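Report on the following structure.
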Amino acid sequence: MKGEDSFIQYSVVIPLLNEEDNLRPLHSRLTAVMANLRKPYEIVFVDDGSTDGSYSILKEFHQASSSTRCVRLMRNFGQQSATRAGFATTKGQVILTMDADLQNPPEEIPKLIAKLDEGYEVVFGIFAERKHSLFRRLGSDFTKHVLAKLLPVPVSNLSCFRALKREVVEQLALLPEKTRFLDGLMCWMGFRVGTVVVGHADRYAGKTKYGLFGLLSLWFDMLVSFTNLPLKIGTASGVVVGLVGLVLGLFYLIRYLMYGFAVPGFATIVILITVFAGIQLMVLGIIGEYLGRINSQVKNKPEYVVRDML
Ligand code: UDP
Ligand code: MG
C-alpha cells in the first residue's frame, strides 16, 4: 500500500450494524480478493451504531493493517447514511460498496470492476437467485413491477453491491437532497449505469435488520423522493369522489322532487361519511409525508454524526 504514497485505486465501503459474527470471515475473504487485484486499496467499515462487539473487532483489523479503516457513527443512522459517511472518507478512484453479512460474496468484486472498466460509471451487482426470505422476494417483485413503472430510475436493477467511479461519489456529495434512495440519485444524475449478475449467498450469521415496517418505509421513501404521483392520486381521487357526490346529490334531488321526503338512507350516509373521511385523511397524510420531508430538508440536519475514526 506504500510506495505510490497515498494513491488508492479501490475503496470498499461496508456499512454495518451489529455484525460481530460476520466481520472476521468477511475481512479475511475480502482482503484476499483485494490483494489479488494488485492495486492499492482501502477497506472502510462504517459502524452504524453497533451495540455488540463489532467495533472492537474493527479496531483489531485497523491495528493489524492501516489499509482497513473504520468510521464510527454516534448512533444508528441507517444503512444509506452510513454509506454516505463512508463515501466521505474514501480516497479510491473506484468505490465499492457491499453488505457486511457476506450475502455479497467478496469473490465477485472482480466482476463488478471488469464491468466498470467497460466504460460504465456505476455498476450494480444484481442477483440471479436471491437468498432473501419469501417476503423480501415478494418485495423485490413489487419493486420490479410497480416502482419501476413509476420512477425515472431502473429500480429493478439496483443493489447495495456496487462499484462506482470516483466522480459519482463526488457528484453525490454535492447534491443537497437528503434521501435514503442513493441509487435513485446516482441514476438520476445520468451516469452510465451497468449491471452484472453476481451470486447472492445466505446471510452468514445474525438476522436481517429490515423488518416489514422498515421495508415499507424504504419503498415509500423511494416513491416520495422521486415522484409527486401520490399527490396526483390524491387529487384524482378527490375529483372522482366529488363527481360521485354530485351524481348522488342529483339522484336525491330528483327523488325528492318526484316522491317527496324519503326518510331511509341511514346506511348510505354512514358509508359516505366514512369513505369520504378516509380519503380525506389519506390525502392529508400524503401531503404530510411531503411536508415532513420538506421540513427535514429545510432544517438541514446532517445525515450522520461521526463519533470517531480509525
Ligand atoms: N445496516 C446498517 N445500518 C442499519 C441497517 C443495516 O449499516 O441501520 C447494514 C447491515 O449491517 C448490513 C447491510 O446494512 O451490512 C444490509 O443489511 P441487512 O443484511 O440486514 O439487510 P438485507 O440483506 O436483509 O437486505
Ligand atoms: Mg443482508
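In listed order, ligands and their atoms are each counted from 1. These numbers were taken from a predicted model, which means no experiment stands behind them.
The N, O or S atom of Asp101 with the smallest distance to the Mg ion (ligand 2) is OD2.
Among Leu215, Asp47, Asp99, the residue whose heavy atom sits closest to atom 16 (C) of ligand 1 is Asp99. The option with the heavy atom closest to atom 12 (C) of ligand 1, from among Lys209, Gln79, Glu19, is Glu19.
Among all protein heavy atoms, the one lying closest to atom 17 (O) of ligand 1 is Tyr210 CE1, 3.8 Å. The nearest heavy-atom contact from the protein to atom 7 (O) of ligand 1 is Leu16 N, 3.2 Å. Among protein heavy atoms, atom 9 (C) of ligand 1 sits closest to Pro15 O, 3.6 Å. The nearest heavy-atom contact from the protein to atom 23 (O) of ligand 1 is Gln103 OE1, 2.6 Å. The protein atom (non-hydrogen) at minimum distance from atom 4 (C) of ligand 1 is Asp48 OD2, 3.4 Å. Summary of contacts: the protein heavy atom closest to atom 24 (O) of ligand 1 is Thr208 OG1, 2.5 Å. Scanning all protein heavy atoms for the shortest distance to atom 25 (O) of ligand 1 gives Arg136 NH1, 2.7 Å.
Contact between Phe61 and Leu23 at its shortest, heavy atoms only, is CZ-O, 3.6 Å. Smallest separation of non-hydrogen atoms from Val305 and Pro302: CG2-CG, 4.4 Å.
Contact check on Arg75 versus Asp48 returns no salt bridge, with no Lys/Arg side-chain nitrogen under 4.0 Å from an Asp/Glu carboxylate oxygen. Salt bridge Arg293/Asp221: present, at least one basic N to carboxylate O contact under 4.0 Å. In this structure, Glu118 does not pair ionically with Arg192, as no charged nitrogen and carboxylate oxygen lie closer than 4.0 Å. Between Arg84 and Glu303 a salt bridge is recorded (basic side-chain N to carboxylate O distance below 4.0 Å).
Atoms of ligand 1 found under 4.0 Å from any heavy atom of Asp101, numbered from 1 in the order shown, are 19 (O), 23 (O). Near Ala100, meaning under 4.0 Å from any of its heavy atoms, are these atoms of ligand 1: 12 (C), 15 (O). Distances below 4.0 Å separate heavy atoms of Arg203 from the following atoms of ligand 1: 18 (P), 19 (O), 20 (O). Distances below 4.0 Å separate heavy atoms of Asn76 from the following atoms of ligand 1: 3 (N), 4 (C), 8 (O).
Cation-pi geometry between Arg69 and Phe45 is not satisfied (NZ or CZ under 6.0 Å from the ring centre, within 45° of the ring normal).
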Open item on the list: For a salt bridge (charged side-chain N to carboxylate O under 4.0 Å, His left out) check, start with the C-alpha distance between Glu19 and Lys209, then their side-chain angles and the critical distance, and finish with the verdict.
Closed with: CA-CA 10 Å; Glu19 304 281 9; Lys209 310 295 181 299; 3.2 Å; yes

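Partner of Ser50 under the side-chain contact (heavy atoms from CB on, under 4.5 Å) criterion, out of Leu58, Ile57, Asn18, Leu73: Asn18 alone.
Residue contacts with ligand 1: Met98 is excluded, as none of its non-hydrogen atoms falls under 4.0 Å.
For a threshold of 3.5 Å applied to N or O pairs, the pair formed by Ala82 and ligand 1 contains no separation below that value.
Look at Thr208 and the Mg ion (ligand 2): no N/O/S atom of the residue is under 2.8 Å from the metal.
Using a 4.5 Å heavy-atom threshold, the side chains of Pro230 and Tyr290 count as touching.
Side chain of Lys165 to main chain of Tyr120: a donor-acceptor pair is present (N/O by atom type, distance under 3.5 Å, no hydrogens or angles).
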